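See structure below.
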Amino acid sequence: MTALTVVLAVLAALPFTVFGLAKVTGRLGMLERAAHLGFTEAAYRRIGVLEIFGAAGLLVGLAFPVIRSAAAGCLLVLAVSGAALHLRSGDGSKGAAPALVAAMLVVLYGVVGANT
């Protein structure tokens with residue numbers, strides 16, 4: 001494992017942790033966003049829990065490569081799905097940008113991590 005892998009793990013986990021916690025706690029206008037995207041409050045909170053667990057999986061994956069791959073794959077699906085939902089709901093690229101940036105960080109982490 002290299003220092004770059006650790007840095008990318010933290011950078012990739014950060015947005016999922018921040019937005020996951022915001023969803024779970026209902027901060028940053030997340031409950032309004034849930035309704036805008038067509039989710040119930042409970043469903044949106046569950047997505048937040050998945051994001052938090054996925055971020056933890058990225059960090060635990062530093063020690064266990066199988067977990068790293070599984071967590072990266074799941075978070076990639078979450079991020080791409082989130083971007084697609086924001087685009088579909090008319091939020092445009094501005095609404096989808098955080099999810100796309102998070103997806104790119106996960107891909108970088110997966111590529112660098114697979115080669116270490």
Side-chain angles (χ1 to χ4, degrees):
M1 168 181 9
T2 66
L4 179 60
T5 306
V6 174
V7 169
L8 284 173
V10 172
L11 286 176
L14 189 62
F16 289 103
T17 302
V18 170
F19 288 117
L21 285 172
K23 287 178 179 85
V24 169
T25 61
R27 306 246 167 143
L28 301 176
M30 288 297 174
L31 300 181
E32 292 81 19
R33 291 180 191 186
H36 171 69
L37 294 173
F39 287 103
T40 64
E41 181 180 326
Y44 213 56
R45 289 182 194 270
R46 285 191 295 270
I47 293 169
V49 170
L50 290 174
E51 289 176 333
I52 293 167
F53 281 144
L58 290 180
L59 299 175
V60 171
L62 290 169
F64 303 99
V66 172
I67 294 174
R68 172 179 47 220
S69 300
C74 291
L75 286 177
L76 186 59
V77 169
L78 273 173
V80 170
S81 299
L85 280 169
H86 281 287
L87 290 172
R88 185 186 75 185
S89 68
D91 294 338
S93 60
K94 183 179 178 186
L100 292 173
V101 168
M104 287 188 289
L105 286 169
V106 168
V107 168
L108 277 172
Y109 170 68
V111 169
V112 170
N115 292 322
T116 58

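Everything numeric in this text was worked out from a predicted model, so none of it was measured.
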For the student: nearest non-hydrogen atoms of [X] and [Y], plus distance:
X	Y	value
Ala34	Thr40	CB-O, 4.3 Å
Thr17	Ala55	OG1-CB, 3.3 Å
Gly57	Ala71	C-CB, 3.6 Å

Sequence neighbours excluded, every pair satisfying side-chain hydrogen bond (donor to acceptor under 3.5 Å, both in side chains) that has a member inside residues 43-67: Lys23-Glu51, Glu41-Arg45
Suppose the criterion is side-chain hydrogen bond (donor to acceptor under 3.5 Å, both in side chains): which pairs have a residue in residues 57-67, not counting sequence neighbours? none
Can you find a pair of side-chain heavy atoms, one from Phe39 and one from Ile47, that are under 4.5 Å apart? yes
Does any non-hydrogen side-chain atom of Val106 lie less than 4.5 Å from one of Phe16? yes
To the nearest 0.5 angstrom, please state how far the [atom1] atom of [X] sits from the [atom2] atom of [Y].
X	Y	atom1	atom2	value
Arg68	Thr5	CZ	OG1	6.5 Å
Leu37	Met30	CG	CE	10.0 Å
Leu28	Arg33	CG	CZ	6.5 Å
Leu62	Ile67	CG	CD1	10.5 Å

Applying side-chain contact (heavy atoms from CB on, under 4.5 Å) to Leu8 and not counting sequence neighbours gives Leu4, Leu108, Tyr109, Val112
Linked hydrophobic residues, Val7 as query - side chain contacts closer than 4.5 Å: Leu11, Val101, Met104, Leu105
Contacts satisfying salt bridge (charged side-chain N to carboxylate O under 4.0 Å, His left out) that involve residues 5-17 (not counting sequence neighbours) are none
In one Ile/Leu/Val/Met/Phe/Trp/Tyr side-chain cluster, 4.5 Å: Phe64, Val6: no
I'd like a table of donor-acceptor pairs (distance under 3.5 Å, sequence neighbours excluded) in which one partner is a side-chain atom from residues 72-87, with atom names and distances.
unit_1 : atom_1 : unit_2 : atom_2 : d
Ser81  : OG     : Val77  : O      : 2.7
His86  : ND1    : Asp91  : OD2    : 2.7

